[in-house]
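Order of appearance sets the numbers: ligands from 1, and atoms from 1 within every ligand. The first residue in the sequence is number 1, and the count goes up from there.
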Amino acid sequence: MDHPSRRSFLKDLGLGTSAFSLATECAQAGQMPGRPPAADLGSQASGPTNIMAIAAHPGDAFFAMGGPVALQVHLGGQGAFLSLSLGEKGSSTIAPAEYGSLQRQSAERAAKALAARAEFLNYPDGEIPESDDVAFAVCDLIRQYKPAIIVTHWRGSWHKDHRACYRVVDNAVFYAGLPAVQRQQPAHTVKRLFFAENWEDAEGFAADTYLDITPVFDPWLEACAAFPMWRGETGFRYNDYYRSLAIGRGCLSGFTYAVALMSPPEQLTRHVRAL
Ligand SMILES: [Zn+2]
């Protein structure tokens with residue numbers, strides 16, 4: 001398997017524009033108000049960068065999006081996990097009210113372990129509305145936390161709450177960046193938006209960014225263990241899946257452990273004067 005073309009393939013994956021630290025920040029031409037700028041032209045860390053994971057449910061926030069958040073905090077940035085719902089209907093043996101409270105406690109414990117904040121909007125599990133009210137509630141939290149980077153769901157999901165979260169975040173990022181949208185906090189432009197790899201959001205997911213999470217692999221897994229569902233108690237082996245996914249993505253990217261992310265198409269557009 002040590003064929004030259006395979007080696008160069010892996011080298012391209014590992015060292016090209018798609019393998020980098022999320023700390024990259026540089027001003028871009030052609031940025032529209034309320035939209036993230038187009039693609040970065042560099043790929044190396046330039047300093048601490050705040051990050052926010054916005055998920056339908058706490059498990060998605062920590063299992064699928066927790067690696068990038070843990071890494072940015074490790075690099076000196078601030079991290080926040082926002083769950084639109086507590087995922088209170090996710091247990092077949094524990095009543096929603098009690099399970100919701102367990103989910104909240106687990107998220108708070110996991111966030112604390114990663115030196116990040118946990119926020120909740122408490123929309124009913126399975127019934128997260130795709131409304132402007134929700135988008136403005138998320139917009140307000142984006143303006144409060146001022147993340148340079150947001151990680152959220154990809155729209156190709158069989159779960160309706162995940163699809164709703166994708167739409168809500170898209171609109172919330174738009175509203176947050178528009179100065180003409182008057183809220184308590186001033187406008188804030190999110191520089192990068194990424195979609196997380198999630199077993200429930202696999203339709204059409206195409207990784208374009210490989211993030212080295214090796215420095216935070218162990219603490220991230222320990223934080224996830226705050227959730228009973230991490231150990232497979234709701235039927236899916238989250239621990240095995242996300243742990244082995246990070247190993248597999250690491251193999252492809254030349255890192256020990258990695259998380260694969262997907263960008264909105266406009267974020268991959270490059271502005272160059274020569275090729
Ligand atoms: Zn979910």
Side-chain angles (χ1 to χ4, degrees), residues 51-70 79-111 114 116 118-131 134-135 137-138 141 150-172 193-205 220-221 223-246 259-262:
I51 186 168
M52 192 171 197
I54 306 179
H57 312 108
D60 304 304
F62 287 87
F63 308 164
M65 308 169 194
V69 174
F81 293 92
L82 169 59
S83 304
L84 302 188
S85 160
L86 290 172
E88 70 274 9
K89 294 171 188 153
S91 171
S92 55
T93 55
I94 304 173
E98 188 187 342
Y99 193 63
S101 155
L102 282 173
Q103 288 273 90
R104 175 186 280 271
Q105 287 167 27
S106 300
E108 284 172 344
R109 224 173 25 248
L114 294 174
E119 292 279 355
F120 310 92
L121 282 174
N122 298 313
Y123 293 106
D125 189 13
E127 301 171 59
I128 296 173
E130 285 186 41
S131 68
V134 186
V138 174
L141 285 162
I150 285 180
V151 184
T152 190
H153 289 279
W154 167 236
R155 67 168 181 257
S157 181
W158 59 259
H159 199 304
K160 71 185 281 286
D161 279 351
H162 293 199
R163 295 195 301 273
C165 183
Y166 167 91
R167 305 259 177 240
V168 160
V169 170
D170 194 41
N171 291 338
L193 180 65
F194 290 101
F195 307 119
E197 188 165 31
N198 185 318
W199 73 283
E200 292 168 301
D201 307 347
E203 188 184 334
F205 181 89
W220 164 56
L221 294 180
C224 290
F227 291 85
M229 66 189 294
W230 179 248
R231 299 184 289 271
E233 292 179 18
T234 56
F236 185 81
R237 291 155 53 202
Y238 287 93
N239 183 346
D240 288 341
Y241 178 77
Y242 283 104
R243 176 195 294 269
S244 57
L245 190 63
V259 162
L261 300 165
M262 179 177 178

Nearest 0.5 Å, what's the CD1-CD distance between I94 and E233? 7.5 Å
Just verifying a value: how many Å separate D240 CG and R231 CZ, rounded to the nearest 0.5 Å? 13.0 Å
Environment of the Zn ion (ligand 1) in terms of protein N/O/S atoms, cut-off under 2.8 Å: H57 ND1, D60 OD2, H162 NE2
Any idea how [X] and [Y] line up, ring-wise: parallel (<30°), tilted (30 to 60°), or perpendicular (>60°)?
X    : Y   : value
H162 : H57 : tilted
F62  : F81 : parallel
Y242 : F63 : tilted

Ring centroid separation for Y166 and F195, is it under 6.0 angstrom? yes
